[in-house]
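What follows is one structure encoded as structure tokens, with my remarks underneath.
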Amino acid sequence: MIRLGAGWRDRDQRAVLIGLIVIGSGMAVQLVRSALARPPAGASDVPPGWLSLATAASLIGVATLVLTATGPLVASPATVTWLLTTPLDRRAAVKTWYRALTAVGALAGVALGLVLSLLFHLGTGWAALLGGAVGGGLVALAALAQIRREPWRWLPGVTLTIGVLSALAGVVAERLGDAARDLVGGIGANAGSVLPAVAAVAAPAAIVLIGVVDRRLGELARPELTSGAAVTAAAATAGTFLDVTLLTGVLEVRRWQRRGRVRSRGLPAGRTRALLVADLRRISRSPGIALSWLLVALVPYVVVVEVPQWAAQAQLVTACVASHRLAGGLRAVCRSAALRRALGGTDASLRVTHLVVPAAGALVWCALTAPATWGAHPLGWLVAAVGAVATTYRLATRPPMDYHATLLDIGFGVMIPWGLLRQLFRGAGVLLLFSILMSLLTGTP
């Protein structure tokens, strides 16, 4: 560790750090003030029942994706080799971990239900009960899929699609007119009365499902127990070394392995054209990108209905997410020096070539969401596209983590690992800069 002296570099870094803290704190305060100043849900034309359904369904889809990717029941290779090969009661070996996971899932569901009840003015007790039933039931359902050797790949997509369609229904109803608004408004208004009945049915069903899966834990085979070990180990290593690329690399390998096989086609002549075509094929062989694009494309429209003053900022952030999803080729060439040498050409030419697809995607995505922010400023979508491309480039070109971090002494015996934080938040400065520019352009307070 190196401690900087009291020279000009120390003063400059301290000034930059204080400036970023002040700017970020100011934006957070303004966001909280805007949220508190928002009128209650009953004052709007469309009750937020559709929005609560969209949020809950989307989160359930994401949770299902995570659970099916990790197992959820996982045994290390050492445990499989030395314990599960013996005449051991397999159910007794994994039931403690299963019960702990279902308890954690139920508690997470209760917390989420409480948050949604506060945000959307639903019944607190019934929302917590339904959240707990859904959280514990999802863990049991993922374990049942693992026991039956059925990944149920349709379940995450179905729940995410329900979330997208629910958000789309609310946005369309808000924009169409009184008839559609009354229809969706009636559905949202009845959410409070339907919630107790749904919770009363879901809670016993989740308990029965958890019990049935608990009795069938002995049917787990060794390959199913080790399928998520690589993801779990990668997640633990990424958390230890503060490097999320260690996890995303493993997930990307698993995603390509699930493809099974692809049809091989020749690439066009010319290195640049071949690299562009290969980048496009990488996207066409990833069907999840289309669903994620549709999901994030609805966010600016939902925000412009609920909190119009933050629609431009939401468009900027979600544009970064949409553009980053297309930057797989750029990340691959930036992380591997051996791959760059094999492809030939300069590093700059390779980066520019692989930046074409994310840049074009950002322009298309921002053009599709431009109606959401057109009222704030006609050129807001273009600023969002440029900011998304710049942020994506900064994130994709991040070098490997350097743990010889510089310490910054801010006084009072407080030391901040400035070098480590600078690497972790690479790209955040670019996003913050364009966020300030967007605020100045649209007049957001």
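This structure is a prediction, so every number in the text was calculated from the model and none was measured. Keep in mind that the numbers below use all heavy atoms, side chains included, and drop hydrogens, waters and symmetry copies.
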Tell me the closest heavy-atom pair linking [X] and [Y], and the distance in Å.
X: Tyr98; Y: Val213; answer: OH-CB, 3.4 Å
X: Pro358; Y: Ser323; answer: O-OG, 3.6 Å
X: Arg394; Y: Gly427; answer: CB-CA, 3.9 Å
X: Leu368; Y: Pro371; answer: O-CD, 3.6 Å
X: Leu316; Y: Gly387; answer: CD1-CA, 4.2 Å
X: Leu217; Y: Lys95; answer: CD1-CA, 3.6 Å

Checklist entry - For the side chain of Ser435 and the backbone of Leu431, is there at least one donor-acceptor N/O pair under 3.5 Å apart? => result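 No.
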Checklist entry - Can you tell me if Ser336 uses its side chain to pair, donor with acceptor, with the backbone of Ala332 under 3.5 Å? => result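 No, because the side chain of Ser336 does not come within donor-acceptor range (under 3.5 Å) of the backbone of Ala332.
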Next on the checklist: Show, in sequence, the C-alpha distance, side-chain angles and deciding distance for His354 and Arg331, and conclude whether the side chain to side chain contact (heavy atoms under 4.5 Å, CB included) test is met.
Outcome noted: CA-CA 9 Å; His354 286 89; Arg331 290 192 298 269; over 6 Å; no
Next on the checklist: One pair to check against side chain to side chain contact (heavy atoms under 4.5 Å, CB included): Arg91 and Asp214. What are the steps and the verdict?
Outcome noted: CA-CA 8 Å; Arg91 176 177 177 272; Asp214 187 281; 2.5 Å; yes
From [X] [atom1] over to [Y] [atom2], what is the distance, rounded to the nearest 0.5 angstrom?
X: Gln315; Y: Thr373; atom1: CD; atom2: OG1; value: 3.5 Å
X: Ile283; Y: Arg325; atom1: CD1; atom2: CZ; value: 10.0 Å
X: Leu395; Y: Leu330; atom1: CG; atom2: CG; value: 10.0 Å
X: Thr369; Y: Trp381; atom1: OG1; atom2: CH2; value: 9.5 Å
X: Leu107; Y: Thr102; atom1: CG; atom2: OG1; value: 9.5 Å
X: Leu67; Y: Leu73; atom1: CG; atom2: CG; value: 10.0 Å

Given side chains that start at C-beta, do those of [X] and [Y] come closer than 4.5 Å, heavy atoms only?
X: Trp126; Y: Val198; value: no
X: Arg99; Y: Ile210; value: no
X: Trp97; Y: Pro72; value: no
X: Leu343; Y: Arg340; value: no

Checklist entry - Between Val430 and Tyr393, does a side chain to side chain contact (heavy atoms under 4.5 Å, CB included) hold up when you go through it step by step? => result CA-CA 10 Å; Val430 177; Tyr393 181 80; over 6 Å; no
Next on the checklist: Walk me through whether Leu326 and Thr392 qualify under side chain to side chain contact (heavy atoms under 4.5 Å, CB included).
Outcome noted: CA-CA 9 Å; Leu326 304 179; Thr392 299; over 6 Å; no
